[in-house]
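Values reported hereafter were calculated over all heavy atoms of this structure, with side chains retained and with hydrogens, waters and symmetry mates removed. Numbering of residues begins at 1 and proceeds along the displayed sequence. Just follow the structure's listing: the first ligand is 1, and inside any ligand the first atom is 1.
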Amino acid sequence: MWDEPRLRFGGDWNPEQWPEQVWAEDVTLMRRARVNLVTVGVFAWSRLEPAPGRYDFGWLDRVLDLLADNGIRAALATPTASPPPWFSLAHPEALPVTDAGVRLHHGSRDTYCAAAPAYRAAASRIAGVLADRYAHHPALELWHVHNEYGTVCHCEHAATAFRAWLTARHGSLDALNAAWTTSFWSQHYSDWEQISTPRATQYLANPGQLLDFRRFWSDTLLAAYTEQRDLLRAANPAVPVTTNYVLADWVPVDHARWAAEVDLVAIDHYPSAVDGGAEEQTALAADLARGWARHGARARAAAGPPATARVPGDAAGSAWLLMESAPNLIYTAGRMHAKEPGRMARHSLAHVARGSRGAMYFQWRAPVGGAERFHSALVPHAGPDSRVFRETVELGGILDRIAETDGAAVEASVAIGWDAASGWALRHPGLPSQRIDHHGEVAAAHRALWRAGFGCDVVLPGDSVDGYALLVLPALYLASDAVAAWARGYVEGGGHLLVTWLSGVADEHARVRTGGYPGAFRDVLGVRVEEFHPLADGDEVPLGGGGTGRIWAEDVGLTGAEAVRAYAGGVLAGRPAVTRHRHGAGTAWYVSTRPDDETYRRLLMEAALAAGAAPTCPAAPAGVEAVRRRGAAGSWLFLLNHTDRAHRVPATGVELLTGAAVDTAVEVPAGGVAVVREAAPAR
Ligand code: GLA
């Protein structure tokens, strides 16, 4: 089970889309590919409950029995992301409403309001019936609740629930008015009933209201999830429950907070880049998932006496799984891009290297119709006689050969801060630049460290950062007093902190801190910024020592810090661009612009080395990603060669894909992967 080292391999299987003769072929092919886990029933509500309260479980019984007979386990889904047509007809008030007040209709998926009582009741009913019927089925390994929570609604149910949430959060209208600065533009509320969701309005909406709405909606979706989870858990407490996260910063879901409520963080990852950017996006997605999972485990531990984890985590408590990814075609700017041979395995193993408990795909077999008929599949339209299926079979073998790495902790000496609320707040259109994006800034810092070869963990503001040589906080726009004290404490205790522009500028209600930017972190950074100088699209500002700054610049005053790099042109010429401040027993860097990628890589490398961090594999050539995992039985070095030629990388031990002994160096094939069980655990 989940406490044994075993990597999960499989994907969404939709047998309801096929005649039963195809099921037998599917299972034979799954066995050939060593598939051991399939997600079943995600969008099957109308087949499971064809009319209100009338169920048809015969086909699902046969599907699960077939899986059990063949030693394949199921991640059994609750089908609540796609209510059947009868539900929408019977409950038009449960259909979602856009911010412009337009009610959407049945015809796609996610046509429900998560705050509508009729929807919640129907969802609980079908989840409860599935729990009663299948909670002890031998095929069941994981409950997969819903699919990609994330859609929003502005109907009256949502507004009523929003007001209740606001009452609980703010306590009084005075507090809400203060938090939202409603004295601006005559928005003062004198009765709770005056407050609605942030509907489409004439000009810029209130930033506090928008931010609270996203927080509220995250909680609403979470309540919809936990309602189902509790039913499933009650039917058989031993079976873990999760839901698959969609990774996008517009999604009103605080994935880190949710992590405390799932037994295993599950992510769907579809990189938007097709070139080298996809590798960097993959590394970040995996590091985020691991960080969210660790944050969730810690929050659970802090909330009560430790319960036995249904899915044991690594040494840091982190348990996560790549639940969906694309075997081949990926959507990009108006077309689909075919992955080159070998990329499916390399990208999947990049997730496994960073702690995923396996590699799962959307989807098993490509459908003949339906909206996503051209989305890629492990068994494509061409059938099993295809490159993709041959690569699937090969990957199944590889995952078996590296199963011993499952559960080992991922090595990281640098931590990067991530915060859903800062991401949401920075989406407000009234900011000094429309090019600001918390996730994008986290990605840029992560990319720089990735290119410099440092292992990174993602942390949430307030998390323990003991043991990290360097803490990087990119564009952490919102910082409460507690978060400011957390960063200060880390530096005073000897930590090295690097903060980038627009951090700490606002409090937790998105109200700007006065007295100079970056408000919350001014003292620890030893700087005071009077003015922002956002740059125009395509504009760059030269930096002393080479390189350029983009997107943003600031007039930084020194109040204790020293200038490490200065602006070398424009109105800020000669003014500090990057500063360093010795504070307490530690050091705090401030970066007031977005350096170009190479300058950022060099800068973060300098800060990381000065902090005592070491790259995972200093001799790895550019384009070869190295990740080390450590467990009780030793350490493993994953080497992912993203270039188109083979590279030799120093290592000693045994290469698990080939079984070959490695004396001094291992050859990593072009576009391929090597996993070395290291002879002597590297320190
Ligand atoms: C998501 C969904 C799947 C499918 C894929 C296609 O991850 O969960 O149902 O729509 O995207 O990209």
Heavy-atom contacts with [X] under 4.0 Å: which atoms of ligand 1 show up? List them by number with element.
X: Asn147; result: 2 (C), 8 (O), 9 (O)
X: Glu148; result: 1 (C), 2 (C), 7 (O), 8 (O)
X: Phe43; result: 9 (O)

Open item on the list: I need the nearest protein heavy-atom contact for atom 12 (O) of ligand 1: residue, atom name and distance, please.
Closed with: His375 NE2, 2.9 Å
TODO: Could you tell me how the ring of Tyr331 sits relative to the ring of His375: parallel (under 30°), tilted (30 to 60°) or perpendicular (over 60°)?
DONE: tilted
- [ ] Nearest heavy atom to atom 8 (O) of ligand 1 wins, so pick from Glu372, Glu324, Gln363, Arg109.
- [x] Glu324
Open item on the list: I'd like to know if Arg257 pairs up with Asp219 as an ion pair, taking the criterion as any Lys NZ or Arg NE/NH1/NH2 lying under 4.0 Å from an Asp or Glu carboxylate oxygen.
Closed with: yes
Open item on the list: What verdict does the salt bridge (Lys or Arg N to Asp or Glu O under 4.0 Å) test give for Asp287 and Arg290, after you've listed the backbone C-alpha separation in whole Å, the side-chain angles of each residue and the deciding distance to 0.1 Å?
Closed with: CA-CA 5 Å; Asp287 287 347; Arg290 195 175 67 256; 2.8 Å; yes
Open item on the list: Would you say the ring centers of Trp418 and Trp292 fall short of 6.0 Å from each other?
Closed with: yes
Task: Any residue meeting salt bridge (Lys or Arg N to Asp or Glu O under 4.0 Å) with Glu625, in chain and number order, not counting sequence neighbours - done: Arg354
